[in-house]
Amino acid sequence: MSAHLAIQTALVALLTAAPALAGGNVKANTVRPIAAQHASGVVVRMLQSRADYPRVLGAGYEWQTSYAVECIARGANASAEPAATVDALLEAAWARIAVWQPAANLGVIDVRMSPAITWQTDDADTLMVAAVISLTVQHRTQAASLAAWP
């Protein structure tokens, strides 16, 4: 498994650890909306990875990989304040990620949450609100593969 996917898998595990956020409705890279029977959900997406060139021939790569954690909630009615619909889920996700200590075997050097959150609202039939946390994970991989280099 690539280090990129292993880090994403670890993020999903962090958000589904007891008590699981969004009732355990946490997915990776899905493009499907949350099912009607769920009031909320979390989607962890890999966005982009960039690496620096190794300083020494045969040395590993140091990556900056961007992830998005989308907190999504369904509102009871369109008259409610949209941001309030997702606020508790957003706070819970932020609190977990802020203290996350990735396993040593993932090759993670640093985790930085962007000091910005984006909100998206859709009130077509049912109010749906998403609050997106962006984070960048600095990590290493081996020179000849994308496996983590701890």
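Computed from a predicted model, the values in this text were never measured in an experiment.
- Side-chain atoms of Arg74 never come within 3.5 Å of backbone atoms of Leu127 as a donor-acceptor pair (strictly under, hydrogens ignored).
- A pairwise comparison of heavy atoms in Gly60 and Trp149 identifies N-CZ3, 3.1 Å as the closest pair.
- No side-chain donor-acceptor contact under 3.5 Å links Arg45 to the backbone of Glu70.
- Note: Gln138 CD to Ile109 CD1 = 4.5 Å, rounded to the nearest 0.5 Å.
- Across Gln8 and Ala28, no two heavy atoms sit closer than the pair NE2-CB, 3.1 Å.
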- Given side chain to side chain contact (heavy atoms under 4.5 Å, CB included), test Ile34 with Asn25 step by step and report yes or no. CA-CA 8 Å; Ile34 63 172; Asn25 188 25; 4.0 Å; yes
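- A continuous path of Ile, Leu, Val, Met, Phe, Trp and Tyr side chains, each step under 4.5 Å between heavy atoms, connects Leu21 with Trp94, placing both in one hydrophobic cluster.
- Residues Met46 and Trp100 share a single hydrophobic cluster, defined by chaining ILVMFWY side chains whose heavy atoms lie under 4.5 Å apart.
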- Query: Would Asn29 and Val43 count as a side chain to side chain contact (heavy atoms under 4.5 Å, CB included) if you check the C-alpha gap in whole Å, the side-chain angles of each, and the deciding distance to 0.1 Å?
  - Reply: CA-CA 6 Å; Asn29 293 319; Val43 178; 5.9 Å; no
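- Taking every heavy atom of both residues into account, Pro150 and Ala104 meet most closely at CB-O, 3.4 Å.
- Between Thr16 and Arg96, the shortest heavy-atom contact is N-NH1, 4.3 Å.
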- Can you list the steps and then say if Leu90 with Trp119 is a side chain to side chain contact (heavy atoms under 4.5 Å, CB included)? CA-CA 10 Å; Leu90 171 64; Trp119 280 267; 3.8 Å; yes
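- Using a 4.5 Å cut-off on side-chain heavy atoms (C-beta onward), Val42 and Lys27 make no contact.
- Taking each heavy atom of Val86 and Cys71 in turn, the nearest pair found is CG2-O, 3.2 Å.
- Put simply, the side chain of Ser145 never gets that close to the backbone of Gln142: no donor and acceptor are under 3.5 Å apart.
- For the pair Val108 and Arg140, the minimum side-chain heavy-atom distance is 4.5 Å or more.
- If you check the side chains of Thr65 and Ser49, you find a donor sitting under 3.5 Å from an acceptor.
- In this structure, Val137 is not a member of the same hydrophobic cluster as Tyr61, with clusters built from ILVMFWY side-chain heavy atoms closer than 4.5 Å.
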- Query: Which is it for His139 and Leu106 under the side chain to side chain contact (heavy atoms under 4.5 Å, CB included) test, yes or no, and what are the steps along the way?
  - Reply: CA-CA 8 Å; His139 60 101; Leu106 294 175; over 6 Å; no
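- Closest non-hydrogen pair, Thr141 versus His4, comes out as CG2-CE1, 4.5 Å.
- Hydrophobic clustering of Ile, Leu, Val, Met, Phe, Trp and Tyr side chains at less than 4.5 Å, counting indirect connections, keeps Leu47 apart from Ile72.
- To the nearest 0.5 Å, atoms CD1 (Ile7) and CG (Leu135) are separated by 10.0 Å.
- Leu89 and Ile117 end up in the same hydrophobic cluster when Ile, Leu, Val, Met, Phe, Trp and Tyr side chains are linked at under 4.5 Å.
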